Amino acid sequence: MSTSSNRSRTLEEVVQYCESLYEDTKLQCVQRWKAAEAGRRAIGFMPVYVPRELIYAAGVLPVGLMGGSDRVEIIKGDAYYQSYICHIPRSTIEMALSHYLDDLDGLLCPSICDVIRNLSGMWKLLFPDRLCRYLDFPQNFTPEVGGAYYRRELEELLADLERLSGRKVSEGELNRCIELYNHNRELVEQLYDLRAKQPWLVPTIESYLLLRAGNLLPVEEHNELLENYLREVPGSHRRQMDNIRVFLIGSFCEQPPLGLIRTLEKAGCYIVDDDFVLTSRWLTRPVEPGPDPLGRLCKAYLETSTFHSSKYEGPQPKPKLLLEQIARRRADGVVFCAPSFCDPALLDQPMYMRALDEAGIAHTSFKYAENTGQFQNIREQVGTFSDSIKLWGAPSPVRT
Amino acid sequence: MAQAGISQQASVQKDDSMLRQKNMLSDYYRRVASAHEEGKKIVYTYVPGNLAELFLSFDLVPVYPEINSLQSGMRKKSARYIQAAEKIGHSEDVCSYVKSDIGMMLEGNIGPTGERIPEPDLLFLSYTGCFTFLKWFENLAQHYRAQMILLQTPYQGDGKITENMKRYMVRQLREEIIPQLESFSGKKFDEDRLREMLARSARAEEDLVAVLQSARHRPSPIDAYFGAVYYIAPIFTAFRGTQECVDYYASLRAEVEERVALGLGPVTPEGPLSQERYRLVIEGTQCWTHFREFWKMFYDEGAVAVASSYSKVGGLYDTGFRHDPNDPLGTLAQYCMGCYTNLNLPTRVELLEQYIREYQADGFLVNSIKSCNSFSAGQLLMLRELEKRTGKPGGFIESDLVDPRYFSAANIKTRLESYLQMIDQKRSGKVQ
């Protein structure tokens, strides 16, 4: 299914290509992919995770939808949402009604929040002839209980996908796709590890654009692109700056505009971990090889999913998991960077802030919308945050 | 516009059932306050998809943080509580129920009767139809360091309850929830006791449905949005499954049937409404900080809610569901998954369309609540769909659950009056 070019690109070419994909809000690359072979199908998915292996194995291209950024003017979408609802659903509706998403044969809405959940119902009302599934992921991680439920849900999803593509998925094909996505996760992890180790080599704007490219490209091509970048970037001779190392959290659904990501780096922050485009990092270990690949996909979800706002962590409290991640990345501080009106991200913040205060880790917070155009205030705020850590180090732990 | 047939009286008017319900809730809060002294354990849980019968079968005392928040709203305390929560990092963007509850906790957890609500021994998280519930209890768990149990209610994404969804819920209940409740309570699960409670639930549900459906009469003897708050409180909270609950609904039904026989309209805080001018179906939750003021805007115009979605958040009974004592765990699962908040948008539209037709409504009004994305996201499309399907005019107003900063009386009144004028014009044939 790949449309891989097998052509090695320079670092600048890789970044430019990713940027052109980022700007492809009308999904022309998906249109080209579909046109290359008769009968190809594509399906959109909202953040934050879907089992792309299963979709791709059915001959359907999984296309990650993350809103319209600051490139889509909202004309129709505002008529569907009140002012106090976040921006991503209105730009998604805008794009759908403006025929930007016509090449998608359906939409998957994972269980992330009430707004995205209700978007699935809106899609059903607006586009009754197109496939739309709400994926209610298990919050019970016992294999015989939540696992059994999830497996049946995936079987139903697979049946829908097979109907869509007219193609029965074999175990062999699913295994092949699992391997492709395992490799993809491995490459993304390499990218994140390299950035954490030598953040001056991998500006976040580049790692971000690389991940966003994975929303549109077939996995084989995305893997090549990541390999290409990882091959080229060590020789880039980029200078190390006197920046602090920050952990960015809260941007897992509606995405910040590129200008905002650039601003954070310009303000003196190396982002050494983040939760952008989490689909490609949701499973923290490879899906195990072996028979019954569907069962192994379920097992991977139950056992290796990352901690996340939309996921129940049971007795393991999320702040503790965040602190472990901060320590692993040796971050100096935390930047809470959440979209306005994002319930999951914003309701996490007080819990995290309290844990950070108790641990003596500095943090700052601000909100954005995907079409935010002014960054001066954020630059000043984050610049001050960065300077304060450089000058005075981390605050003392607060005893509670 | 002129007042529509309200007999003016100085004091707040309540019918017998409202007074009875008020006493039941006062007694309940006293039981909550003294629970720990009496050796009983407190379980915090939520209204939609609540397992009252199961908790009561273990002699546990359920507490509902949403109810505490709405009580704080009605008692004009929520603004201060919300500010207290915002001081510790809660965003102004998020649910005001959560912030009011957390603020109340920070200020000593004093309940509506002036007594302290005990800390939870258990947080029972059944987040039917609302993700914010998950976040809310995560925040409470950090503050209280309390044990938490989760029951996941799968959402009706395709507008139906599948066998897989039901099996999942029953397995959670049988294999995890009940053993954990046994361990927590120190009591063996008594299925026969649960069955008895479920049988009582079904009897009360039968009477509640008769009460809600009485609004098909002209004039409607009840207000199914504002007045219904009093009618749904016992069955949506800690009383379902008790004899007290059965008795309450039997007497409520008798009272309402008498009103039907006498051709009376609903009782408002200013007395019985004698002239029903507009019959409305209302979608959305309540604005508790200005409950009376908001209601007055309606009854002053003779506008009566004949059906509402809010009266279905703790159980959707008028489409036929009753708790079934013969299938105790299966019926709890069905109940949870069937609550209004767990329905997808197309199903919500179908249900409201059915209400508009069955209750011969003049129109459909959305009270869009800033705090509640579960309800609010998609309501503007629902409005369009319902107008298209029924030809009835739709209206749209905005307020909030318990954050008074989002209640603008002048705006709401103007919008409501304009909307009612639109109905008048539609009736007179001036507008198609």
Side-chain angles (χ1 to χ4, degrees), chain A residues 79-86 89 93 109 111-122 124-126 128 132-136 138-140 142 144-146 148-149 152-153 156 309-310 312-315 317-319 338 340-344 346-351 353-355 365 367, chain B residues 85 88-91 93-95 98 102 125 127 129-132 134-136 138-139 141-143 147-148 150-152 154-159 162-165 167-168 171-172 175-176 343-349 368 370-382 384-385 398 406:
Chain A
Y80 288 83
Y81 285 102
Q82 301 90 321
S83 57
Y84 50 77
I85 287 176
C86 58
I93 289 288
C109 292
S111 49
I112 177 172
C113 72
D114 297 324
V115 172
I116 299 299
R117 183 198 68 192
N118 286 7
L119 178 64
S120 70
M122 292 178 70
K124 281 175 189 285
L125 286 169
L126 288 167
C132 178
R133 269 194 85 94
Y134 173 70
L135 298 179
D136 209 350
Q139 299 282 21
N140 176 304
T142 307
E144 299 77 21
V145 183
Y149 160 75
R152 184 68 202 133
E153 290 294 300
E156 286 177 17
S309 185
S310 63
Y312 178 64
E313 293 296 342
K318 282 175 189 164
S340 296
F341 305 109
C342 175
D343 269 2
L346 294 171
L347 282 160
D348 271 349
Q349 281 187 13
M351 286 187 289
M353 285 175 179
R354 182 170 164 182
S365 67
K367 292 182 290 187
Chain B
I88 63 161
H90 285 271
S91 169
D93 289 357
V94 303
C95 173
V98 179
I102 286 178
L125 170 55
Y127 70 107
C130 171
F131 271 99
T132 299
L134 169 65
K135 312 311 299 173
W136 189 343
E138 282 177 345
N139 274 276
Q142 190 187 41
H143 283 277
Q147 182 188 346
M148 182 149 70
L150 173 132
L151 172 69
Q152 184 180 8
Y155 182 67
Q156 290 197 40
D158 283 333
T162 65
E163 271 307 305
N164 188 41
M165 290 158 67
R167 197 181 312 119
Y168 177 40
R171 289 193 75 165
Q172 287 181 82
E175 295 172 30
E176 302 201 337
L343 308 182
N344 73 356
L345 250 60
T347 313
R348 282 167 64 184
V349 169
S368 182
K370 182 230 169 223
S371 275
C372 189
N373 288 342
S374 173
F375 257 97
S376 302
Q379 279 176 330
L380 285 160
L381 178 60
M382 290 172 70
R384 290 175 187 211
E385 278 292 314
E398 292 177 292
Y406 297 98

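Each chain gets a letter, A, B and so on, in the order its sequence line appears, and its residues count up from 1. Heavy-atom basis, side chains included; hydrogens, waters and symmetry copies ignored. Please read these numbers as outputs of a predicted model, since none were measured by experiment.
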Engineer: Between A/D348, A/T142, A/L126, A/N140, which residue shows the highest count of heavy-atom pairs closer than 4.5 Å to chain B?
Structural biologist: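 Among the listed options, the one with the most contacts to chain B is A/N140.
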Engineer: When you compare the side chain of A/P317 with that of B/Q142, does any pair of heavy atoms fall below 4.5 Å?
Structural biologist: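 No. Closest side-chain heavy atoms not under 4.5 Å.
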Engineer: With a distance cut-off below 6.0 Å to the six-membered ring centre and an angular limit of 45° from the axis, does B/R384 pair with A/Y80 as a cation-pi contact?
Structural biologist: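 Checked: cation-pi criterion met.
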Engineer: For the residue pair B/Y127 and A/Q139, establish whether any side-chain heavy-atom pair is separated by less than 4.5 Å.
Structural biologist: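 Yes, at least one pair of side-chain atoms sits under 4.5 Å.
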Engineer: State the OH-CG distance between A/Y312 and B/L125, to the nearest 0.5 angstrom.
Structural biologist: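 Between A/Y312 OH and B/L125 CG, I get 6.5 Å after rounding to 0.5 Å.
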Engineer: Can you tell me which of B/T162, B/L151, B/T132, B/V349 forms the most heavy-atom pairs within a distance under 4.5 Å of chain A?
Structural biologist: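 The residue among B/T162, B/L151, B/T132, B/V349 with the greatest pair count is B/T132.
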Engineer: Nearest 0.5 Å, what's the CZ-CE distance between A/R152 and B/M165?
Structural biologist: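 Those atoms lie 13.0 Å apart.
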Engineer: Tell me, out of B/M382, B/M148, B/E175, who's got the most heavy-atom pairs with chain A below 4.5 Å.
Structural biologist: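 Looking at each option in turn, the highest pair count goes to B/M148.
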Engineer: Relative to chain A, which of B/G129, B/C95, B/A141 shows the most heavy atom pairs under 4.5 Å?
Structural biologist: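 The residue among B/G129, B/C95, B/A141 with the greatest pair count is B/G129.
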Engineer: Looking at B/H143, B/Q379, B/R348, which has the largest count of heavy-atom pairs under 4.5 Å with chain A?
Structural biologist: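 Most pairs with chain A among the choices: B/H143.
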Engineer: Based on non-hydrogen pairs under 4.5 Å, which of A/E153, A/E156, A/Q349 is most in contact with chain B?
Structural biologist: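 Among A/E153, A/E156, A/Q349, the one with the most close pairs to chain B is A/E153.
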Engineer: Does any heavy atom of chain B fall under 4.5 Å from the side chain of A/P89, the backbone, both, or neither of them?
Structural biologist: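 Neither part.
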Engineer: Going through the distances and angles, do A/K367 and B/D93 end up as a salt bridge (charged side-chain N to carboxylate O under 4.0 Å, His left out)?
Structural biologist: CA-CA 10 Å; A/K367 292 182 290 187; B/D93 289 357; 3.0 Å; yes
Engineer: Does any part of the side chain of A/D343, heavy atoms only, come nearer than 4.5 Å to the side chain of B/K135, both counted from C-beta?
Structural biologist: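 No, their side chains stay 4.5 Å or more apart.
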Engineer: With a 4.5 Å cut-off on side-chain heavy atoms, are A/M353 and B/I88 touching?
Structural biologist: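 Side-chain contact under 4.5 Å: no.
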Engineer: Could you look at A/Y134 and say if it's the side chain, the backbone, both or neither that has a heavy atom under 4.5 Å from chain B?
Structural biologist: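 Contact with chain B: side chain only.
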Engineer: Quick check: do B/R171 and A/Y149 have side-chain heavy atoms less than 4.5 Å from each other?
Structural biologist: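 Side chain of B/R171 against side chain of A/Y149, heavy atoms only: no contact under 4.5 Å found.
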Engineer: What part of B/E398 gets within 4.5 angstrom of chain A, counting heavy atoms only: side chain, backbone, both, or neither?
Structural biologist: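 Just its side chain gets close to chain A.
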Engineer: In Å and rounded to the nearest 0.5 Å, what is the CE to CG distance from A/M122 to B/L345?
Structural biologist: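 Atom-to-atom, A/M122:CE and B/L345:CG are 7.0 Å apart.
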Engineer: Using a 4.5 angstrom heavy-atom cutoff, name the option from B/T347, B/V98, B/L150 with the most pairs to chain A.
Structural biologist: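 Winner by heavy-atom pair count: B/L150.
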Engineer: What part of B/E385 is in contact with chain A, defined as an atom under 4.5 angstrom from a non-hydrogen atom: side chain, backbone, both or neither?
Structural biologist: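 Only the side chain of B/E385 comes within 4.5 Å of chain A.
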Engineer: Do A/Q82 and B/K370 have side chains that approach each other closer than 4.5 Å (heavy atoms only, starting at C-beta)?
Structural biologist: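 They are not in side-chain contact.
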Engineer: Find the distance between OH (B/Y155) and OG (A/S120) and round it off to the nearest 0.5 Å.
Structural biologist: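 Between atom OH of B/Y155 and atom OG of A/S120 there are 5.5 Å.
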Engineer: Relative to chain B, which of A/A338, A/C132, A/P344, A/C86 shows the most heavy atom pairs under 4.5 Å?
Structural biologist: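 Among A/A338, A/C132, A/P344, A/C86, the one with the most close pairs to chain B is A/P344.
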Engineer: I'd like to check B/F375 versus A/D114 (side-chain heavy atoms, cut-off strictly below 4.5 Å). Are they in contact?
Structural biologist: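 B/F375 does not reach A/D114 side chain to side chain.
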Engineer: How long is the span from the CG atom in B/D158 to the CZ atom in A/R133, to the nearest 0.5 Å?
Structural biologist: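 The CZ atom of A/R133 is 5.5 Å from CG of B/D158, to the nearest 0.5 Å.
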Engineer: In Å, rounded to the nearest 0.5 Å, how long is the span from OG of A/S310 to CZ of B/F131?
Structural biologist: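 With rounding to 0.5 Å, OG (A/S310) is 6.5 Å from CZ (B/F131).
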Engineer: For chain B, which candidate among A/I85, A/I93, A/L135 shows the most heavy-atom pairs at distances under 4.5 Å?
Structural biologist: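 Most heavy-atom pairs under 4.5 Å with chain B: A/I85.
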Engineer: Can you confirm whether B/W136 sits close enough to A/L347 that some side-chain heavy atom of one is under 4.5 Å from a side-chain heavy atom of the other?
Structural biologist: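 With C-beta onward as the side chain, the pair stays apart.
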Engineer: For chain A, find which of B/C372, B/S368, B/S371 contributes the most heavy-atom pairs closer than 4.5 angstrom.
Structural biologist: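 Looking at each option in turn, the highest pair count goes to B/S368.
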Engineer: Below 4.5 Å from any heavy atom of chain A, which atoms of B/Q152 appear? Answer side chain, backbone, both or neither.
Structural biologist: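 For B/Q152, the side chain is the part near chain A, not the backbone.
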Engineer: Sort B/I102 into side chain, backbone, both or neither according to what part of it lies under 4.5 angstrom from a heavy atom of chain A.
Structural biologist: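 Neither the backbone nor the side chain of B/I102 comes within 4.5 Å of chain A.
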Engineer: When heavy-atom pairs shorter than 4.5 Å are enumerated against chain B, which of A/P128, A/P138, A/G146 gives the highest number?
Structural biologist: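 The answer is A/P138.
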Engineer: Measure distances from A/S111 to the heavy atoms of chain B and classify the residue's part below 4.5 Å as side chain, backbone, both or neither.
Structural biologist: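 Backbone plus side chain of A/S111, per the 4.5 Å heavy-atom cut-off to chain B.
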Engineer: Between A/K124 (side chain only) and B/N344 (backbone N and O only), is there a donor and an acceptor less than 3.5 Å apart?
Structural biologist: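 Between the backbone of B/N344 and the side chain of A/K124 there is no qualifying donor-acceptor contact (under 3.5 Å).
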